[in-house]
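Note that the numbering runs from 1 along the sequence shown for the chain.
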Amino acid sequence: MNDLHEIENIEKLISEYYEMTFNNDEEDYIYNKQLKNKLKAVIINSKSNNVIDKALEVLAESTGCAEDLQIAEDILNELFENKVIDKNQFDTFYKNVGTNRWS
């Protein structure tokens, strides 16, 4: 499966996640983090800036609350520290993140 198709599948799973109910907050958090770690895996395994940018866009669009932001920041910091993404990509995420609409 190509990377862009994988991102589309993850994006669909994220949309479905918003309609799901969980037994408790911990289950919700774990599933949310698992989905976003799938995006991280695509980014790590991709050699294409277009794929990386698309995955970061999906991550930004699916970041809306403090919990989402913490998950995203953990992912971004790891990717940046390991030189998987550059400063421009790091900054672009923050320009597009959903929580920016409240700042």
Side-chain angles (χ1 to χ4, degrees):
M1 178 181 320
N2 76 39
D3 291 338
L4 289 175
H5 187 67
E6 179 66 17
I7 292 169
E8 288 174 10
N9 286 339
I10 296 167
E11 198 169 15
K12 183 178 181 235
L13 289 171
I14 290 171
S15 292
E16 292 170 357
Y17 157 73
Y18 293 133
E19 303 300 320
M20 296 172 75
T21 56
F22 296 88
N23 291 327
N24 56 53
D25 290 343
E26 184 178 2
E27 283 182 10
D28 184 340
Y29 176 84
I30 289 169
Y31 190 70
N32 186 10
K33 188 171 182 174
Q34 286 174 343
L35 290 176
K36 291 174 181 163
N37 278 326
K38 288 176 186 269
L39 288 171
K40 179 176 83 171
V42 171
I43 293 168
I44 289 170
N45 294 317
S46 179
K47 304 296 182 225
S48 165
N49 279 334
N50 289 339
V51 169
I52 293 170
D53 291 344
K54 178 63 179 168
L56 289 172
E57 177 185 316
V58 171
L59 182 61
E61 289 172 355
S62 64
T63 300
C65 67
E67 184 176 271
D68 290 336
L69 188 59
Q70 183 59 55
I71 292 168
E73 286 180 339
D74 290 346
I75 291 169
L76 285 171
N77 289 336
E78 180 181 338
L79 294 172
F80 186 71
E81 288 170 8
N82 290 306
K83 299 183 181 1
V84 176
I85 62 172
D86 61 27
K87 177 144 177 42
N88 186 44
Q89 290 165 316
F90 188 87
D91 292 342
T92 299
F93 169 84
Y94 281 102
K95 288 178 189 166
N96 293 305
V97 73
T99 56
N100 253 357
R101 64 181 169 257
W102 294 298
S103 32

Sequence neighbours left out, what passes salt bridge (charged side-chain N to carboxylate O under 4.0 Å, His left out) with [X]? Give chain and number order.
{"X": "Glu19", "result": "none"}
{"X": "Lys33", "result": "none"}
{"X": "Asp68", "result": "Lys36"}
{"X": "Lys83", "result": "none"}

Not counting sequence neighbours, which residues clear side-chain hydrogen bond (donor to acceptor under 3.5 Å, both in side chains) with Asp74? List them please.
->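 side-chain hydrogen bond (donor to acceptor under 3.5 Å, both in side chains) check on Asp74 returns Gln70.
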Under the side-chain hydrogen bond (donor to acceptor under 3.5 Å, both in side chains) test, which residues partner Lys47, sequence neighbours left out?
->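 Partners of Lys47 by the side-chain hydrogen bond (donor to acceptor under 3.5 Å, both in side chains) criterion come out as none, since no residue qualifies.
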N/O donor to acceptor pairs below 3.5 angstrom from side-chain atoms of residues 75-82, sequence neighbours left out:
| residue | atom | partner | partner atom | Å |
| --- | --- | --- | --- | --- |
| Asn77 | ND2 | Glu73 | O | 3.1 |
| Glu78 | OE1 | Lys40 | NZ | 3.0 |
| Asn82 | ND2 | Glu78 | O | 2.9 |

How would you list, by chain and number, every residue that makes a ring-ring contact (aromatic ring centres under 6.0 Å, His included) with Tyr29, sequence neighbours excluded?
->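 So Tyr29 forms no ring-ring contact (aromatic ring centres under 6.0 Å, His included) with any residue.
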Can you name the residues that form a side chain to side chain contact (heavy atoms under 4.5 Å, CB included) with [X], not counting sequence neighbours?
{"X": "Leu4", "result": "Asn2, Ile7, Val51, Lys54"}
{"X": "Asn50", "result": "Ser48"}
{"X": "Asp28", "result": "Tyr17, Phe22, Asn32"}
{"X": "Asn88", "result": "Asp86, Thr92"}

